[in-house]
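Just so it is clear: chains get the letters A, B, ... in the order the sequence lines come, proteins before strands, and each one is counted from 1. Fair warning: this is a prediction, and the values are worked out from it, not measured in the lab.
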Protein chains: 2
Amino acid sequence: MEAAVAATPIAIPLRTTIMPRARAMLRDVSRNQVLCSICPVRDKCLSFGLDAATAKKVDEIVTTRIRLRKGDTLYRPGASFTALYAIRSGSLKTVLLAEDGRDQVAGYHMPGDLLGLDGIGNEVHECQAIALEDSEVCALPFDRIERTARDFAAFQHNVHKALSQEIARQRSLMLLLGTMRADQRLAAFLLDLSQRYQARGYSSSEFILRMTREEIGSYLGLKLETVSRLLSRLQQEGLIQVQGRVVKLLERAALKQLVGQSN
Amino acid sequence: MEAAVAATPIAIPLRTTIMPRARAMLRDVSRNQVLCSICPVRDKCLSFGLDAATAKKVDEIVTTRIRLRKGDTLYRPGASFTALYAIRSGSLKTVLLAEDGRDQVAGYHMPGDLLGLDGIGNEVHECQAIALEDSEVCALPFDRIERTARDFAAFQHNVHKALSQEIARQRSLMLLLGTMRADQRLAAFLLDLSQRYQARGYSSSEFILRMTREEIGSYLGLKLETVSRLLSRLQQEGLIQVQGRVVKLLERAALKQLVGQSN
DNA sequence: CGACTAGTTGAGGCCAGTCAATGTTGGTGG
DNA sequence: CCACCAACATTGACTGGCCTCAACTAGTCG
């Protein structure tokens, strides 16, 4: 009845000693083959725009590549923060969990995205990252990031940019949650996905939703029934085409216009 | 009829050459007396926990102190990003502005808070910062911050912490906007204010709202009438006492319980 | 095949928005 | 000092969008 999000709804023990899925974190697959310089998403990542010498130093930051299977948890709230994670392939969601059991999907992350930024402040992760499909991420130990950032201004700036972009991303989500109607939220969500897929070289007009209706709803501050209804309505109005998780954007302009209606 | 937020609702020209209120930014009051080491809010700021030698270096970052009068704009969207701003006294709000005219109060900031973090990514500010009362802020040129961060690991870590805390702040706001009922949002808002005032040495049970009902509503994703009604209701229920902008928290536990109700 | 999860669709209710009238407060100028 | 005005705030009546509850379908996996 409830989706995976709600499967572990409450009372996340702080600083769990052994995490149920921790084995996933131990599979240190290929220590010697982890090289940003040949990574398919390197220009979306922290090594963006660096000269060869600096990029080589950045290569040395990445110690571990982690394989996750669908449903695996990369980190959970309270887990001590030691590294940022760059997604190499697949996709993950991040879930916020309040003490009272309230939870919300806070983000949908795809290759090139950086995860775990919220943990820097308190040395502890504040949310849970769960793989939506089989995925691979690179662990970037944060002490190494800081050390390298002190030596290379260009890399330092990339780190600051990444942090700032996460802030910007959340800002637009706040605007969405605070000011938009349900149909506008959904349209904005679809357009955002489209744009991000495009930036990664995938089709911007047809893609597969990796999240359930309930997860999408949680992300947008809506209920799953509302998401389902609105997808149907948008289809009926000819703006999109939906078949389960396959979505096709038919009238991008109309979707944009819908989002843009101030009232 | 409309509050200050809506006074400049649309079409913010990007990279304005001369800003209407720019004179406010030129009042370079006391170049030689700007010293973090004697700042009343230094332990809330970037110089938190630094040894004397490092703190001295940080003092050198701050070049300018800016006086703002109520209603003055510190920066607006599109203004080129050059510095972060630390609030010394007074308070400011930050306002998000979308192209379509949609706007939302994104934050309420008090002494010790750092402003402008969202501008790092694109070298351009993404929101507008407006003084809610006469205020003073310190300008911290970002290139100097980056330079100093490269030399002092402890300071570098403070910068990262500040960025990460901004992310955490927004996260909890997202949770509020995505999952809470109107009365819960308002209660959470009041408790947040209370806690932050306390952290700054003010009374945690009685304080003055610096924002109008409309601004509070915008911040919480509600209409001003709803805010007004709910303040009245909370007062009637004996949880708070309101008289215009003066608020007194009477039953903190009950407020917390209200926020904590998952449904 | 049965059990389970994910998704769709309908009926009805409630919370918060909208519209509107009125009250209150604070700053300004005569 | 007080009258005036504009901005801010309160309260009521009504409306509508989204949630809740519920029934049903489709696909998946042991």
Side-chain angles (χ1 to χ4, degrees), chain A residues 1-7 70-71 93 102 104-105 132-133 176-187 208-236 240-247 258 261-263, chain B residues 1-7 69-71 93 102 104-105 130 132-134 176-187 189 208-236 240-247 258 261-263:
Chain A
M1 184 156 293
E2 299 265 290
V5 201
K70 184 174 175 177
K93 66 174 176 182
R102 210 190 295 278
Q104 183 177 14
V105 174
L132 292 167
E133 58 191 309
L176 178 145
L177 291 170
T179 71
M180 291 189 190
R181 287 197 320 267
D183 55 350
Q184 298 178 313
R185 296 184 197 189
L186 188 59
I208 294 175
L209 299 173
R210 298 293 180 183
M211 296 199 277
T212 66
R213 303 289 190 262
E214 180 168 32
E215 286 165 334
I216 295 170
S218 169
Y219 182 57
L220 299 175
L222 304 171
K223 293 290 155 185
L224 72 291
E225 295 95 327
T226 306
V227 173
S228 180
R229 261 186 260 275
L230 289 173
L231 283 172
S232 300
R233 204 181 85 194
L234 289 178
Q235 170 159 251
Q236 197 183 316
I240 64 172
Q241 196 175 305
V242 206
Q243 177 60 248
R245 300 210 180 170
V246 183
V247 176
L258 175 60
Q261 284 165 7
S262 293
N263 232 332
Chain B
M1 183 158 293
E2 299 265 290
V5 201
R69 279 190 303 193
K70 184 175 174 177
K93 67 174 176 182
R102 208 188 298 276
Q104 182 177 15
V105 174
I130 301 171
L132 292 167
E133 59 191 308
D134 293 1
L176 178 144
L177 291 170
T179 71
M180 290 189 191
R181 286 198 320 267
D183 55 351
Q184 299 178 312
R185 295 183 197 190
L186 188 60
F189 172 70
I208 295 174
L209 299 172
R210 298 293 179 183
M211 295 200 279
T212 66
R213 303 289 190 261
E214 179 168 31
E215 287 165 335
I216 295 170
S218 169
Y219 182 56
L220 300 176
L222 304 170
K223 293 291 153 184
L224 73 294
E225 294 96 328
T226 306
V227 173
S228 181
R229 259 186 261 274
L230 288 174
L231 283 172
S232 300
R233 204 182 83 195
L234 288 178
Q235 170 160 250
Q236 197 182 315
I240 65 173
Q241 197 174 303
V242 207
Q243 177 59 250
R245 300 210 180 170
V246 183
V247 176
L258 176 60
Q261 284 165 7
S262 294
N263 229 335

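In this model, a side-chain donor or acceptor of Glu225(B) finds a partner on the base of dC19(C) within 3.5 Å.
Contacts of Gly217(B) with the nucleic acid, taken as non-hydrogen atoms under 4.0 Å apart, are absent. Nucleic acid contact class of Arg229(B) (heavy atoms, under 4.0 Å, all strands): base. Within the 4.0 angstrom heavy-atom criterion, base atoms lie near Leu224(B).
Computed from coordinates, the Glu215(B) CD to dC8(D) P distance equals 8 Å when rounded to whole Å. Going from atom CG of Leu230(B) over to atom P of dA16(C) covers 7 Å, rounded to whole Å. Look at CD1 on Ile216(B): it is 14 Å from C1' on dT10(D), rounded to the nearest Å. When rounded to the nearest whole Å, the span between CG of Asp183(B) and P of dC14(C) equals 16 Å. Atoms CG (Leu186(A)) and C1' (dC18(D)) sit 14 Å apart, rounded to a whole Å. In this entry the distance linking CG of Leu220(B) with P of dC15(C) reads 18 Å, nearest Å. Between the CZ atom of Arg181(A) and the C1' atom of dA16(C) there is a distance of 15 Å, rounded to whole Å. For the pair Leu231(A) CG and dT9(C) P, the interatomic distance rounds to 10 Å; values are reported in whole Å.
Across all their heavy atoms, Lys70(A) and Leu132(A) have their closest contact at CG-O, 3.5 Å. Minimum heavy-atom separation, Met180(A) to Arg102(B): CG-NH1, 3.6 Å. The two atoms that bring Ser218(B) and Val105(B) nearest to each other are OG-N, 2.8 Å, heavy atoms only. Smallest separation of non-hydrogen atoms from Gln235(B) and Val242(B): OE1-N, 2.9 Å. Contact record, Leu220(A) with Leu176(A): CD2-CD2, 4.0 Å, taken as the closest heavy-atom pair. Leu222(A) approaches Ala182(A) most closely through the heavy-atom pair CD2-CB, 3.7 Å.
Using a 4.0 Å cut-off, some side-chain N or O of Thr226(A) falls inside it from OP1 or OP2 of dC19(D). Phosphate proximity of dA9(D) to Arg245(B): present, with a side-chain N or O under 4.0 Å from OP1 or OP2. Here Arg213(B) reaches the OP1 or OP2 of dA9(D): one of its side-chain N or O atoms lies under 4.0 Å away. Look at Thr212(B) and you won't find any side-chain N or O under 4.0 angstrom from OP1 or OP2 of dA7(D).
In this structure, the side chains of Leu258(A) and Arg181(A) come closer than 4.5 Å at one or more pairs of heavy atoms.
Partner of Leu224(A) under the side-chain contact (heavy atoms from CB on, under 4.5 Å) criterion, chosen from Arg229(A), Glu214(A), Glu215(A): Glu214(A).
Taking the side chain of Leu222(A) as heavy atoms from C-beta on, and the options dG17(C), dC18(D), dT8(C), the nearest nucleotide is dC18(D). Out of dA9(D), dT18(C), dT8(C), the shortest distance to the side chain of Lys223(B) is found at dT18(C).
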N/O contacts under 3.5 Å, protein versus nucleotides 24-29 of chain C?
none

